[in-house]
Amino acid sequence: MSNIIFPLQKYNDKEEIRKIASENNLNVAQKKDSQEICFIPDNNYQNFLKEYGKTKQSVGNIVLKNGKILGRHKGLINYTIGQRKGLGIAYSEPLYVIELNKQKNEVVVGTEEQLYTNQLYAKELNWQAIEPKNEPINCMAKIRYRAKEAKVTIYPEKDGAKVIFDTKQRAITKGQSIVFYDNEGIVLGGGKIS
């Protein structure tokens, strides 16, 4: 760690870096932010997984939470929690992907209201700034990079922790990370949503 150099560490945000790039006539100054996967040249992760992954692309049903079949999907890797467009189904109200059921090979859809929940279970916890005891921890948490921090209570358990938010969160997604912060924004730790 003592040999790591972070050349941008003294700057506050991307806008400050963009201003410096603009002042030096660098063409990347106005480049759009990327959230793509850097090692996939065409940004098509589905093709990458088909070619290099060990995933099977089997079609299956698109269903409501009650099990009613609404259509067919093209393989689970083509869908994400919270997705609304590209489902290829018609319904009386807008539907969103609320679950990817790998056991049944189903894309479960529901209303936007059904995307919201106030709890999750996290595994593979990694604590940075505290050594948790076997008691509840009150702090802040984020479930994605652009999400707003929200108040949570963490209930440590043997293999992870139950996390309960004070307010419901949109599209909590299994496999994504959750990061815990103190009230001053210092990272306490994090884990994998399961």
Side-chain angles (χ1 to χ4, degrees), residues 33-37 45-46 49 55 60-128 130 132 135-194:
D33 285 352
S34 172
Q35 294 184 355
E36 303 301 333
I37 304 169
Y45 73 89
Q46 291 97 339
L49 290 173
T55 58
N61 291 326
I62 298 175
V63 301
L64 288 172
K65 195 138 179 104
N66 65 10
K68 180 180 177 184
I69 298 172
L70 299 178
R72 302 282 284 165
H73 69 73
K74 303 172 200 164
L76 295 179
I77 67 163
N78 297 296
Y79 303 88
T80 58
I81 304 297
Q83 178 179 338
R84 179 172 173 228
K85 295 183 179 181
L87 299 178
I89 56 173
Y91 199 68
S92 59
E93 60 185 310
L95 294 176
Y96 301 80
V97 176
I98 60 172
E99 180 185 347
L100 298 173
N101 187 327
K102 292 178 186 173
Q103 288 73 31
K104 294 182 177 181
N105 190 29
E106 292 179 336
V107 173
V108 182
V109 295
T111 63
E112 185 170 22
E113 183 180 313
Q114 290 174 308
L115 272 176
Y116 287 83
T117 186
N118 71 332
Q119 57 186 313
L120 61 86
Y121 195 83
K123 290 187 173 185
E124 300 176 31
L125 297 177
N126 184 5
W127 295 103
Q128 303 293 315
I130 63 171
E135 58 189 45
I137 302 165
N138 294 304
C139 62
M140 305 295 284
K142 286 173 72 169
I143 56 169
R144 59 183 50 86
Y145 170 70
R146 292 185 183 255
K148 187 177 178 182
E149 290 179 7
K151 290 182 181 180
V152 296
T153 303
I154 305 167
Y155 297 92
E157 295 181 5
K158 182 181 176 187
D159 295 326
K162 184 176 183 180
V163 180
I164 299 179
F165 289 86
D166 284 9
T167 57
K168 288 185 175 185
Q169 302 296 301
R170 186 181 192 278
I172 293 175
T173 305
K174 291 179 181 179
Q176 299 281 357
S177 296
I178 182 168
V179 180
F180 307 117
Y181 302 86
D182 69 9
N183 290 330
E184 295 176 13
I186 295 172
V187 174
L188 300 175
K192 189 177 187 180
I193 300 170
S194 65

**Prompt:** If you measure from CD1 on Ile62 to CG on Leu87, what distance do you get to the nearest 0.5 Å?
**Reply:** 6.0 Å

**Asked** Between Glu157 and Lys162, is any pair of side-chain heavy atoms under 4.5 Å apart?
**Response** yes

**Ile172 side chain near Ile81 side chain, heavy-atom distance below 4.5 Å** = no

**Message:** I need the minimum non-hydrogen distance between Gln169 and Ala150, along with the two atoms involved.
**Reply:** NE2-CB, 3.6 Å

**Request:** Any ring pair (Phe, Tyr, Trp, His ring centres under 6.0 Å) involving residues 171-194? Give me the pairs, sequence neighbours left out, ordered by first then second residue.
**Result:** Trp127-Phe180

**Request:** Sequence neighbours left out, what pairs pass ring pair (Phe, Tyr, Trp, His ring centres under 6.0 Å) with at least one residue falling in residues 148-177?
**Result:** none

Scan the side chains in residues 91-104 for donor-acceptor partners under 3.5 Å anywhere in the protein, sequence neighbours excluded, and list what turns up.
from, atom 1, to, atom 2, distance (Å)
Asn101, OD1, Gln103, N, 3.1
Asn101, OD1, Lys104, N, 3.0

**Message:** Can you list everything that forms a side-chain contact (heavy atoms from CB on, under 4.5 Å) with Lys148? Sequence neighbours excluded, please.
**Reply:** none

**Request:** With sequence neighbours excluded, tell me which residues meet side-chain contact (heavy atoms from CB on, under 4.5 Å) with Lys174.
**Result:** none

**Asked** With sequence neighbours excluded, what pairs up with Glu149 under the side chain to side chain donor-acceptor pair (under 3.5 Å) test?
**Response** none

**Prompt:** Under the ring-ring contact (aromatic ring centres under 6.0 Å, His included) test, which residues partner Tyr79, sequence neighbours left out?
**Reply:** His73

**Prompt:** Atom CD1 in Ile130, atom CG in Asp182: separation rounded to 0.5 Å?
**Reply:** 9.5 Å

**Prompt:** Just wondering, are more than 12 heavy atoms of other shown residues or ligands nearer than 6.0 Å to CD in Glu113?
**Reply:** no

**Prompt:** Asn105 versus Leu76: any side-chain heavy-atom pair under 4.5 Å?
**Reply:** yes

**Request:** Not counting sequence neighbours, which residues clear salt bridge (charged side-chain N to carboxylate O under 4.0 Å, His left out) with Arg170? List them please.
**Result:** Glu112

**Request:** Work out which heavy atom in Ile137 is nearest to a heavy atom in Pro156; give both atom names and the distance.
**Result:** CD1-CG, 4.3 Å

**Message:** Run the side-chain contact (heavy atoms from CB on, under 4.5 Å) test against Asn66 and tell me which residues pass, sequence neighbours left out.
**Reply:** Leu64, Lys68

**Prompt:** With no hydrogens and no angle check, do the side chains of Gln128 and Asn126 hold a donor and an acceptor under 3.5 Å apart?
**Reply:** yes

**Item:** side chain to side chain donor-acceptor pair (under 3.5 Å) against Arg84, all qualifying residues, sequence neighbours excluded
**Value:** none

**Message:** Return the OG1 to CG distance between Thr153 and Asn118, rounded to the nearest 0.5 Å.
**Reply:** 10.5 Å

**Request:** Please list all pairs passing the side chain to side chain donor-acceptor pair (under 3.5 Å) test where one or both residues lie in residues 184-194, with sequence neighbours left out.
**Result:** none

**Item:** Shortest non-hydrogen contact between Tyr145 and Lys142, atoms and distance
**Value:** O-NZ, 3.0 Å

**Ile69, CD1: over 12 other non-hydrogen atoms inside 6.0 angstrom** = no

**Message:** My understanding is that only residues two or more places apart in sequence, or in another chain, count here; which of them pass side-chain contact (heavy atoms from CB on, under 4.5 Å) with Asn78?
**Reply:** Gln46, Gln57, Lys74

**Message:** Can you confirm whether Asn61 sits close enough to Arg72 that some side-chain heavy atom of one is under 4.5 Å from a side-chain heavy atom of the other?
**Reply:** yes

**Request:** Report the distance from atom CD1 of Ile178 to atom CG of Leu125, rounding to the nearest 0.5 Å.
**Result:** 9.5 Å

